Amino acid sequence: MLGKESVLHLLQDAVDECRAAGSLSGSDTPQIVLEVPKHEGQGDFATTLALSLAKIEKKPPREIASILISALEKKTPWIEKIEIAGPGYINFFLTHDFWRQSLITIHTQQSDFGKSAAPTPQKILIEFVSANPTGPLHVASGRAAALGDALARLLQAVGHEVDREYYLNDIGAQMQLLGHSTYLRYRELLGEKVDLPEGSYQGEYIIEIAEALKQRDGNQYLEGPEASHIDFFTQYSFETIVAWIQKDLQAFGIHFNTWFSEKEIHDKNEVTAALDFLKSKEMLYEKDGAQWVSTMPFGDDKDRVAVRSDGRKTYFASDIAYHRNKFERGYDRLIDIWGADHHGYVNRIKAATQAMGYESERLTILIHQLVNLLRDGKPVKMSKRAGTFVTLREVMDEVGVDATRFFFLMRRSDTSLDFDLALAKKATNENPVFYVQYAHARLCSILSVAKTQNWDIEATLQNIDLKILETLSLPEEIAIIRELSHYPAMIQSAAEAMEPHRITFYLQNLAGMLHSYYFSCRVVTDDAELTKARLILITAIRIVLRNGLRILGISAPEKM
RNA sequence: GCGCCCGUAGCUCAAUUGGAUAGAGCAACGGCCUUCUAAGCCGUAGGUUACAGGUUCAAUUCCUGUCGGGCGCACCA
């Protein structure tokens, strides 16, 4: 049982009762807001109901509050007291026993604690990273990767079915350019003097790929039709790079259910089909020799070209087909995670999916702001073509996977993020991820000490009753228990807002409470009852820390 | 010029979707290890929430404008 729902029910009943009895006269009931007050002394839960009823009832808020309270006063055993405060808040103080009860819930549910079943479970596809396979992943992709993965777990935790997808732009001009760049490097390695045309990919990795081909196949591509050689180099480079990307993402702890090929959409004529579909809905028309999609009626600034006057399809056209494909695979909801540099594209793709007849709520495009890469406070200029960039791999190797992920997840996604490489390197001691992990390691350490002193932890955890827990009476103990029991609500609101960063803040706070508690109270003492109760408490903390870290995709080490 | 995001402590960021006294970490200063991990704890200091109006019982949050920063504005991908 969770406190929040119970109190909400009480309030709803109180309003109904007062109206039936005539002490309140209105008929509208505003949405009852129940929150956890920030400051001590303001109760475990507080509602602004009386404030929002003031207008409807035409009575001062405090008066309404006291009317409601008299109806609430039918002594609910788990409420310690109810107070009116400030302009008309109603503050609820719950009994300690009520809170202690939640320790039993945590131990019963274990890794399921915090999970819930959505009222209407959805089948969701999250598409993220999707960086062009023209080079290794750079740091900025790490943000999208960490975000998408955490969001996927978060939505799963609240009962949705989630798949992860990487969209591979494996066709188009940039692929040709990639093959051409590699081919030129190959010729260079065989002693030719070549000029790299402007715009070609110049990173070291291009030479690496060319070298590999030279080693394997010698000079056999010097002769013969260049065009077919370039096709071959394109394919080879693409495969090599995709393998790198997959390896890096795997090392980063991210698994995609599908790697979706843009080329396949074209090969299966889905682009044409999607455009025909739009035409059948009269959302596609011809003007100046080109085919235009009517995106304007759906909030776009102007209509957009899908087929150019020379007959070639735009990238927008394949994106329309791709989104249609995603919907047709049976997903209730699509989530795209894009960098801020693509935000200008949001309206048009949302408009296009609406033009096809999909409700706008079914597509969410989550924009994360860009990562400013700094070194010692100075911006690092990055360009994939010029080959000056910092890869995700380098950062993972330098800073570690856990710290990198936590760092990316600490910030709300719509603020730009400074990633200072020098700082990140030295952040091994400062990064808050260690603060949280350390709390977990500490708990494990206490438990192992308890074990060596012959405390039977298993047995203790199997027979928890309220009586044992009564020895947990210190204010900080109750405060920790209260915080633990708020975990499920936090997960739900984080999922609803699609803001995984809330978990990082929650975990830091909880870790802080533990560190502080550790300093002032011993868990393992001569007092058998107290020791048992505290072992129950700290194992509950451990469960919640683990559950939270798991959603973030960060490890919970037993030793540090 | 137009559009999107942001502007909160010296720095990096929160703030329960409009609530009570705006909070953390880092940096600074002063304390705490013969007892379960000092990657820790306790304390001090730090604010006209960019600015000006508006909406209401209540605004960091919503609206308008100004200023500042980032990004984007193709029959490119």
Side-chain angles (χ1 to χ4, degrees), chain A residues 33-39 41-42 46-48 51-52 54-55 60-61 85-89 91 132 134 169 171-175 177 262 287-292 301-302 304-316 318-319 339-347 367-370 372 377 407 410-418 420 423 427-435 437-439 441-450 452-453 486 489-490 493-494 496-497 499 501-502 504-505 508-509 511-512 514-525 534 538 559-560:
Chain A
V33 179
L34 197 67
E35 58 192 20
V36 179
K38 287 179 215 162
H39 297 98
Q42 298 176 343
T47 183
T48 55
L51 293 168
S52 44
K55 201 173 220 174
Y89 294 94
N91 295 340
N132 272 351
T134 54
N169 299 116
I171 192 172
Q174 87 281 359
M175 279 291 109
L177 189 59
E262 179 187 2
K287 194 184 85 180
D288 304 332
Q291 306 279 326
W292 299 71
D301 300 332
K302 50 183 275 198
R304 307 289 175 173
V305 170
V307 184
R308 285 170 284 198
S309 48
D310 63 7
R312 283 151 57 221
K313 297 179 182 80
T314 62
Y315 182 80
F316 181 49
S318 39
D319 242 358
D341 51 344
H342 289 88
H343 78 256
Y345 209 71
V346 172
N347 277 343
I367 295 294
H368 65 87
Q369 296 298 312
L370 300 178
N372 301 318
F407 199 89
M410 269 173 64
R411 275 109 171 135
R412 226 175 62 225
S413 57
D414 56 6
T415 62
S416 59
L417 185 153
D418 289 340
D420 192 311
L423 199 74
T428 46
N429 282 342
E430 290 166 19
N431 196 310
V433 69
F434 295 105
Y435 186 77
Q437 291 183 317
Y438 187 58
R442 237 181 183 171
L443 293 171
C444 294
S445 168
I446 299 172
L447 292 170
S448 73
V449 167
T452 60
Q453 295 185 14
H486 289 152
M490 184 278 298
S493 61
E496 200 177 324
E499 293 183 347
H501 78 271
R502 295 187 190 197
T504 67
F505 281 88
Q508 287 178 83
N509 184 47
L514 171 81
H515 287 311
S516 182
Y517 180 65
Y518 173 87
F519 192 80
S520 60
C521 297
R522 272 193 74 85
V523 173
V524 183
T525 61
R534 288 183 171 171
I538 66 163
K559 275 185 187 160
M560 284 174 76

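As the structure is a prediction and not an experimental result, all values here were calculated from the model. Letters go in sequence order (proteins before strands), and every chain restarts at 1. The figures here come from the full heavy-atom set of this structure, side chains too, leaving out hydrogens, waters and symmetry mates.
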Can you tell me if [X] touches the phosphate of [N], counting only side-chain N or O atoms and a distance under 4.0 Å to OP1 or OP2?
X         : N      : result
Lys55(A)  : A58(B) : no
Arg442(A) : A38(B) : yes
Arg412(A) : C13(B) : no
Lys38(A)  : G19(B) : no
Tyr435(A) : C41(B) : yes
Tyr89(A)  : A58(B) : no
His501(A) : A24(B) : no
His342(A) : C4(B)  : no
Tyr438(A) : A39(B) : yes

For [N] and [M], measure between their [atom1] atoms and round to the nearest Å.
N      : M      : atom1 : result
G68(B) : U8(B)  : C1'   : 15 Å
G69(B) : A50(B) : C1'   : 11 Å
G23(B) : G31(B) : P     : 28 Å
C33(B) : G18(B) : P     : 48 Å
A9(B)  : U66(B) : P     : 24 Å
C32(B) : C71(B) : P     : 49 Å
U16(B) : U21(B) : P     : 16 Å
C11(B) : G47(B) : P     : 12 Å

Does [X] reach the main-chain N or O of [Y] with its side chain, forming a donor-acceptor pair under 3.5 Å?
X         : Y         : result
Thr47(A)  : Leu34(A)  : no
Trp292(A) : Lys287(A) : yes
Arg534(A) : Arg522(A) : yes

Could you say whether Thr48(A) or Lys559(A) is positioned toward the 5' end of RNA chain B, judged by the nucleotide with the nearest heavy atom to each?
Thr48(A)
Comparing Glu496(A) with Gly172(A), nearest RNA chain B nucleotide closer to 5' gives the residue Glu496(A)
Output the single nucleotide from [options] whose closest atom is nearest the side chain of [X].
X         : options                : result
Ser309(A) : C75(B), A77(B), C36(B) : C75(B)
Ser516(A) : A39(B), G19(B), C41(B) : C41(B)
Ala290(A) : C71(B), C6(B), C75(B)  : C75(B)
Asn91(A)  : A20(B), C75(B), G3(B)  : A20(B)
Leu51(A)  : C57(B), C36(B), A15(B) : C57(B)
Val449(A) : C6(B), C36(B), A77(B)  : C36(B)
Tyr315(A) : A14(B), A77(B), A15(B) : A77(B)
Phe519(A) : A20(B), C32(B), U56(B) : C32(B)
Lys302(A) : U35(B), C75(B), A15(B) : C75(B)
Ala85(A)  : A77(B), A20(B), C6(B)  : A20(B)

U35(B): syn or anti, with syn meaning chi within 90° of zero?
anti
Apply the syn/anti split at 90° from 0 to C33(B) and say which one it is.
syn
Using 0.5 Å steps for rounding, measure from the [atom1] atom of [X] to the [atom2] atom of [Y].
X         : Y         : atom1 : atom2 : value
Phe407(A) : Thr504(A) : CZ    : OG1   : 11.5 Å
Asp301(A) : Asn347(A) : CG    : CG    : 6.5 Å
His515(A) : Tyr438(A) : NE2   : OH    : 7.0 Å

Can you tell me how far [atom2] of [N] sits from [atom1] of [X], to the nearest Å?
X         : N      : atom1 : atom2 : answer
His515(A) : A39(B) : NE2   : P     : 10 Å
Arg502(A) : A24(B) : CZ    : C1'   : 16 Å
Leu417(A) : G69(B) : CG    : C1'   : 16 Å
Leu34(A)  : U16(B) : CG    : C1'   : 11 Å
Gln508(A) : C13(B) : CD    : C1'   : 10 Å
His368(A) : G70(B) : NE2   : P     : 19 Å
Met490(A) : U17(B) : CE    : P     : 15 Å
Gln369(A) : G69(B) : CD    : C1'   : 11 Å

Does Phe505(A) lie flat on the base of A14(B), that is, centres under 5.5 Å apart and planes under 30° off?
no
Heavy-atom distance under 4.5 Å between the side chains of [X] and [Y], does that happen here?
X         : Y         : answer
Met560(A) : Phe434(A) : yes
Asn169(A) : Tyr315(A) : yes
Met410(A) : His501(A) : no
Val346(A) : Ile367(A) : yes
Ser416(A) : Asn372(A) : yes

Can a side-chain donor-acceptor contact be found between Glu262(A) and Ser318(A) if the only test is distance below 3.5 angstrom?
yes
Assign [X] to base, sugar-phosphate, or nothing according to its heavy-atom contacts below 4.0 angstrom with the strands shown.
X         : value
Ala450(A) : nothing
Ala340(A) : sugar-phosphate
Asn372(A) : nothing
Asp341(A) : sugar-phosphate
Ser493(A) : base

Give each stem of RNA chain B as a range with a range, requiring at least 3 consecutive Watson-Crick or G-U wobble pairs whose two distances are under 3.5 Å.
B:1-7 with B:67-73, B:10-13 with B:23-26, B:28-32 with B:40-44, B:50-54 with B:62-66
